[in-house]
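To find a chain, count down the sequence lines: A is the first, B the second, and so on, and within it residues start at 1.
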Amino acid sequence: MSKSRRSEPKESDLEPLPIYHHKSKLVRAVKDSTFLVVTGETGCGKTTQLPQYLHEAGFCKKGKIGITQPRRVAAITVAQRVAQEMGYALGREVGYQVRFDDCTTEDTEVKYMTDGCLLREVLADPGLSQYSVVILDEVHERSLNTDILLGLLKKVFSNPDKANKGRRLPLKVVVMSATMETEKLSAFLGNCPVFVIPGRIFPVKCSFGSAVGPKETESTGYVKEVVKVALDVHTSEMAGDILVFLTGQNEIERACDMLYEKAETIDYRYDVHDRTVEGLLILPLYGSMPTDQQRQIFQPPPRGIRKCVVATNIAATSLTINGIKYIVDSGFVKQLNHNSRVGLDILEVVPISKSEAEQRAGRAGRTSAGKCFRIYNKEFWEKCMPEYTIPEIQRTSLTAVVLTLKCLGVHDVIRFPYLDSPEERFILEALKQLYQFDAIDRRGRVTKLGELMVEFPLHPGLTRAVLKASSYGCPDVMLPVAAMLSVENIFIRPGHPENQKEADQRHRALGSKSGGMNDFATLLSIFQLCKSSEKPSAWCKENWIHWRALKSAFSVETQLREILLRLQQRSDFPVESFDGNKNELFRRCLCAGYFTNVARRSIGKAFCTMDGHGSMVHIHPSSALFENEKDLDWVMFHDVLVTSKVYIRTVCPIRYEWVKDLLPKLHEVDVYELSNVAREEVTDEEMAKWENKEAAKRQQEASAEEALKKLEKRNDEASVSDARARYLQRKQQKQSKTT
DNA sequence: GAGCACTGC
């Protein structure tokens with residue numbers, strides 16, 4: 001470990017990284033206070049260099065340096081590079097840990113990891129006693145896990161004397177962010193010092209278009225506009241590749257078709273500023289694309305050909321393409337938002353934030369100066385685009401988060417120090433759901449079951465079903481289903497109608513192989529058929545199944561099985577017995593996790609949900625139960641999709657008797673009481689008062705049947721029908737545009 | 001009668 005080896009910048013570039021000039025001051029700043037905010041644009045070297053400086057300064061003598069990243073690939077590639085720069089073998093002194101891949105040893109001193117991994121570590125060791133420094137990187141991205149870690153570290157180490165008691169070395173916390181919101185971060189961490197490192201990126205000139213105004217938003221056909229602008233760039237700008245931002249697979253394929261058609265009609269050999277642009281290489285890019293196809297994006301185009309990549313937001317942070325000089329920004333993104341009023345996750349197209357627009361523009365300035373063409377106008381920028389993207393913690397279901405916090409001893413989850421607090425009703429909804437799952441009791445305390453549940457990297461409903469099945473001794477049927485439901489969509493639905501027909505037929509056939517009336521059983525049988533087939537990847541191709549998704553389902557299932565085995569060795573693991581038929585047992589176990597997702601047959605083909613909102617829903621055409629509704633009364637479903645109708649997807653029939661005892665639980669909890677419980681420890685007297693009130697209320701709502709009638713009357717589907725109305729309006733406008 | 005962005009444990 002010679003000092004000189006590490007103290008020189010190892011970049012092959014002649015110019016040292018900007019951070020190099022601040023080395024000694026930076027190390028001093030870390031030593032001087034518990035919290036430090038470091039800010040610097042991409043390319044300043046903070047992610048790779050700071051841990052090396054701290055290592056050299058002796059921070060690893062009594063603990064590790066841990067650096068979190070929001071993405072797996074980033075954690076792995078950065079660790080590789082740092083190991084190389086320090087002259088160590090990866091996995092020894094410098095290592096990384098991500099799910100399914102732990103490349104560290106006990107002696108690892110500098111450890112890169114995903115934020116989710118560190119959160120898991122905190123659950124096992126809340127004081128992070130192994131670390132001398134924890135660095136949270138990319139904090140400006142506001143990922144759910146990073147936000148929670150930030151709150152936890154603040155809560156624990158705001159009182160460093162107390163928190164560092166018994167530690168060999170006081171813990172240092174460094175929070176790294178691109179330039180935005182640094183004052184806010186510093187204020188959050190008790191006005192801690194901020195260290196600014198200049199960046200090393202090239203200027204990007206941005207211009208606004210005229211196509212999209214605030215009143216038009218997504219209905220204007222921005223796809224067409226984006227295509228037009230991209231072609232303009234192609235025919236009038238100097239050499240350099242183009243990156244176009246759109247929102248989804250469908251749009252991207254449409255845009256590529258249009259570009260292809262129009263680029264063909266362009267007279268080849270365009271004379272642009274004395275350079276010859278011969279043609280355009282059009283490449284789509286989105287997450288569910290096969291990986292080898294994704295790789296093509298990175299190859300330089302043939303001589304004289306301009307590359308035009310049409311991508312989702314995947315190109316904003318996850319993938320970096322070299323040679324991009326021009327950005328065409330649609331101004332929209334597809335985002336999953338949780339709606340607590342109806343208890344649904346709704347995937348919708350929304351305008352991006354100003355900070356996100358800057359991020360997109362920045363993609364053109366990585367290797368040289370660039371240009372960014374925004375298709376929307378200045379008015380749209382000012383009136384429709386928020387300053388910053390709403391952080392994930394404010395637009396996601398918090399059930400799992402609240403359980404995690406409670407297990408970490410954070411009783412008052414409402415007044416937890418969030419950098420940005422979620423709305424109280426999101427938290428109340430989470431508390432209610434945890435209570436329904438028996439994960440917390442009426443006093444808001446974690447139950448034994450809750451302690452088991454937090455161990456699983458799954459949505460709490462899935463975990464509940466897995467634990468139920470395990471207590472009945474049949475985890476083998478539930479683990480694969482839970483795994484299949486927690487990975488990305490496994491069904492391929494191609495764009496071309498002929499292939500579509502074939503894919504649909506294949507999927508339907510897989511459904512009937514498993515009995516024909518249970519989508520969960522279909523998932524189980526796909527898992528088993530593929531696993532036992534001789535050539536699983538060929539089997540997937542034949543059946544229009546995503547092999548990549550299925551592979552990850554296999555790994556998830558293995559992981560879940562290991563966790564379960566470990567937990568079953570505990571003496572208090574629940575054991576129950578059942579002597580009905582297996583098919584029924586399977587569905588009953590699912591109900592334990594999904595009794596909130598139960599619907600009863602209503603007028604026509606519609607079903608009415610029992611979740612307290614009484615929304616009208618329809619079975620999705622991809623379900624095996626579709627068009628077999630006649631004999632159905634009660635069904636249970638996994639997820640909801642809002643498009644032309646409100647659809648439930650992944651469905652199976654159930655019997656009312658199975659959920660009869662669970663349904664009252666949907667109505668008995670008064671969330672406001674629960675929130676008071678969450679705020680403070682209640683006395684026995686208060687508790688008794690509350691329980692009396694609850695009992696009286698239960699008497700009033702004598703049966704679930706009655707509650708059901710009430711619900712059907714309430715017909716409280718306002719938000720859903722709003723969303724549906726917007727969708728129909730958009731569709732209509734789109735149609736009128738095309739005719 | 002079909003409209004799924006991206007992460008992460």
- Query: Nearest to the side chain of A:Pro621 - B:dC9, B:dA2, B:dC6?
  - Reply: B:dA2
- Do the side-chain N or O atoms of A:Ser644 get closer than 4.0 angstrom to the phosphate oxygens (OP1, OP2) of B:dA2? yes
- Message: Starting the side chain at C-beta, find the nucleotide from B:dC6, B:dC9, B:dG1 nearest to A:Thr114.
- Response: B:dC9
- Message: Can you identify which nucleotide, out of B:dT7, B:dA5, B:dG1, has its nearest atom closest to the A:Leu336 side chain?
- Response: B:dA5
- Under 30°, 30 to 60°, or over 60°: which ring-plane class applies to A:Tyr647 and A:His620, parallel, tilted or perpendicular? perpendicular
- Note on the structure: Out of B:dC6, B:dG8, B:dG3, minimum distance to the side chain of A:Thr312 belongs to B:dC6
- Query: Quick one: which of B:dC9, B:dG3, B:dA5 gets closest to the side chain of A:Cys117?
  - Reply: B:dC9
- First encountered from the 5' end of DNA chain B, between A:Val333 and A:Gln97: A:Val333
- Only counting residues at least two apart or in another chain, list the ones meeting side chain to side chain contact (heavy atoms under 4.5 Å, CB included) with A:Asn250. none
- Note on the structure: Among the nucleotides B:dA2, B:dT7, B:dG1, whichever has the atom closest to the side chain of A:Arg493 is B:dA2
- Query: If you check the A:Tyr286 side chain, which of B:dC9, B:dA2, B:dC6 turns out closest?
  - Reply: B:dC6
- Message: So if I take every side-chain heavy atom of A:Lys645 and compare against B:dG1, B:dA5, B:dG3, which nucleotide ends up nearest?
- Response: B:dG1
- Determine which pairs satisfy salt bridge (charged side-chain N to carboxylate O under 4.0 Å, His left out) with at least one residue from residues 112-131 of chain A, sequence neighbours left out, and list them in order. A:Lys111-A:Glu121
